[in-house]
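Atoms considered below: every heavy atom in the structure, side chains included; atoms not considered: hydrogens, waters and symmetry mates. This is a predicted model, so every value here is computed, not measured.
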Amino acid sequence: TLWTCFMALQGLRQGRYQKIAIAAPAVEAEEQHGFLPGSINKKMDPFINQILETFDEILGNGDSYVGKPLREKLVSTGLIEIAPHAFNRGRTYKNTLYILDECQNASWKQLMTALTRLGTGSTFVFMGDDRQNDRTSKQSAFVNFVRRFTKDTYQDYIGAVKFGPADVRRHPLLKLIMEEGDDVAPEEFKYGQDSRSGRNGSGGYRPRTPEPPEPGPRAVPSTGAPQ
């Protein structure tokens with residue numbers, strides 16, 4: 001996210017792009033908070049905050065409080081557009097750097113719909129990490145999407161970058177966790193299941209084996225005779 005946001009702002013400043021567009025699937029991480037009030041931009045805020053906050057930090061030279069008003073001005077003037085997947089059908093993005101984040105939570109249809117919005121002079125950046133998949137307990141559509149479109153056939157148009165522990169820009173502890181392989185879920189939790197509630201990573205509930213009923217009084221069929 002950091003590198004992509006930096007390149008987007010640099011491209012905008014240099015005149016390579018006329019605007020930046022942002023999208024992320026409106027998928028929550030296991031918790032659901034219901035209806036979100038406000039405009040489309042406000043509704044999308046929780047799902048693209050990671051991008052907006054990165055813009056704030058870059059524009060403010062490390063101080064997000066300084067950068068936030070500058071970013072808000074770019075949004076209000078249309079130089080940064082929040083462009084959700086839900087409203088992409090029929091659109092064409094020309095001279096745009098389109099940032100599509102959290103693609104591990106996008107469906108195949110969303111990914112393909114976004115890709116086919118590509119217009120002249122534009123660059124689309126699809127970012128995702130299948131280990132952070134909140135949409136399904138299976139492999140995300142993004143894995144197959146990357147595999148399909150990084151074939152040699154498309155190498156003149158599409159490139160792929162894979163980041164590892166050396167690229168971590170958060171706390172050093174996280175780099176160490178990745179190097180140790182401890183960012184991978186244990187086998188018993190590989191689908192994101194909570195062992196206490198039976199909740200799984202797809203947002204549903206796995207059926208639990210019912211416990212045998214407690215012993216109690218037995219019903220005696222009535223014969224009409226006095227007991």
Check: What do the steps show when you test R117 against T92 for side-chain contact (heavy atoms from CB on, under 4.5 Å), and what is the final call?
Finding: CA-CA 5 Å; R117 304 307 98 196; T92 301; 5.6 Å; no
Notebook entry, point to check: Applying the side chain to side chain contact (heavy atoms under 4.5 Å, CB included) test to Y93, which of L118, T123, N88 qualifies?
Noted result: N88
Notebook entry, point to check: Where the side chain of T4 meets the backbone of T1, is there a donor-acceptor pair that is under 3.5 Å apart?
Noted result: no
Notebook entry, point to check: In terms of heavy-atom contacts, does CH2 of W3 have more than 12 from other residues, nucleotides or ligands at under 6.0 Å?
Noted result: no
Notebook entry, point to check: Do I22 and L97 belong together in a cluster built from hydrophobic side chains that touch within less than 4.5 Å?
Noted result: yes
Notebook entry, point to check: So H85 and L100, side-chain contact (heavy atoms from CB on, under 4.5 Å) or not? Walk me through it.
Noted result: CA-CA 9 Å; H85 287 280; L100 300 114; 3.7 Å; yes
Notebook entry, point to check: Under 3.5 Å, side chain of D63 to main-chain N/O of G60, donor-acceptor pair present?
Noted result: no
Check: Is the closest side-chain donor-acceptor distance between S122 and Y98 under 3.5 Å?
Finding: no
Checklist line | Exercise: identify the closest heavy-atom pair between C5 and I51 | finding: SG-CG2, 3.7 Å
Next item on the list: For Q139 and D130, test the side chains for any donor-to-acceptor distance below 3.5 angstrom and give the result as yes or no.
Entry: no
Checklist line | Least distance between heavy atoms, Y154 atom then R148 atom | finding: CE1-O, 3.7 Å
Next item on the list: Can you see which heavy atom on Q104 is nearest to which on Q132, and at what distance?
Entry: NE2-O, 3.3 Å
Check: So, R147 and N144: side-chain donor and acceptor under 3.5 Å apart, yes or no?
Finding: yes
Check: Taking all atoms of both residues into account, what is the closest heavy-atom pair of I58 and L9, and its distance?
Finding: CG2-CD1, 3.7 Å
Notebook entry, point to check: Which atoms form the tightest heavy-atom contact between P84 and A23, and what is the distance?
Noted result: CA-CB, 4.4 Å
Note to self: Assigning hydrophobic clusters by single linkage (Ile, Leu, Val, Met, Phe, Trp, Tyr; side-chain heavy-atom cutoff under 4.5 Å), is Y17 placed with M127?
What the structure shows: yes
Margin query: Testing the basics here: between P25 and F47, what is the closest heavy-atom pair and its distance to 0.1 Å?
Written below: O-CD2, 3.8 Å
Margin query: Within the supplied structure, the quantity of interest is the number of heavy atoms (other residues, nucleotides, ligands) at a distance under 6.0 Å from R91 CZ; does it exceed 12?
Written below: yes
Check: What distance do N105 atom CG and Q110 atom CD have between them, rounded to the nearest 0.5 Å?
Finding: 9.5 Å
Check: Given the rule that I, L, V, M, F, W and Y join up when any side-chain heavy atoms are under 4.5 Å apart, are L174 and M178 in one cluster?
Finding: yes
Next item on the list: Go through F145 and F126 one step at a time and tell me if the ring-ring contact (aromatic ring centres under 6.0 Å, His included) criterion holds.
Entry: CA-CA 10 Å; F145 181 80; F126 295 81; 5.1 Å; yes
Next item on the list: Using modelled atom types only, decide if a donor and an acceptor are shared between the side chain of T116 and the backbone of T113 within a distance under 3.5 Å.
Entry: yes
Next item on the list: Decide whether F55 and F6 are clustered together by the hydrophobic rule: side chain heavy atoms of Ile, Leu, Val, Met, Phe, Trp, Tyr closer than 4.5 Å, transitively.
Entry: yes
Note to self: Is the shortest side-chain heavy-atom distance between L79 and L12 below 4.5 Å?
What the structure shows: yes
Next item on the list: Mark yes or no for whether E53, through its side chain, and Q50, through its backbone, hold a donor-acceptor pair below 3.5 Å.
Entry: no
Checklist line | Heavy-atom check, side chain of R71 versus side chain of K68, under 4.5 Å | finding: yes
Next item on the list: Check the hydrophobic clustering (I, L, V, M, F, W, Y; side-chain heavy atoms under 4.5 Å; chains of links allowed) and say if I80 and I99 are grouped together.
Entry: yes
Notebook entry, point to check: Less than 4.5 Å apart, any side-chain heavy atom of N133 and any of F142?
Noted result: no
Next item on the list: Evaluate the side-chain proximity of I48 to D101: yes if any heavy-atom separation is below 4.5 Å, no if none is.
Entry: no
Checklist line | More than 12 heavy atoms of other groups within 6.0 Å of F163 CZ | finding: yes
Next item on the list: Could you please spell out the steps behind the side-chain contact (heavy atoms from CB on, under 4.5 Å) verdict for D45 and L52?
Entry: CA-CA 8 Å; D45 272 357; L52 301 180; 3.6 Å; yes
Margin query: When you compare the side chains of Y65 and D56, does any donor N or O come within less than 3.5 Å of an acceptor on the partner?
Written below: no
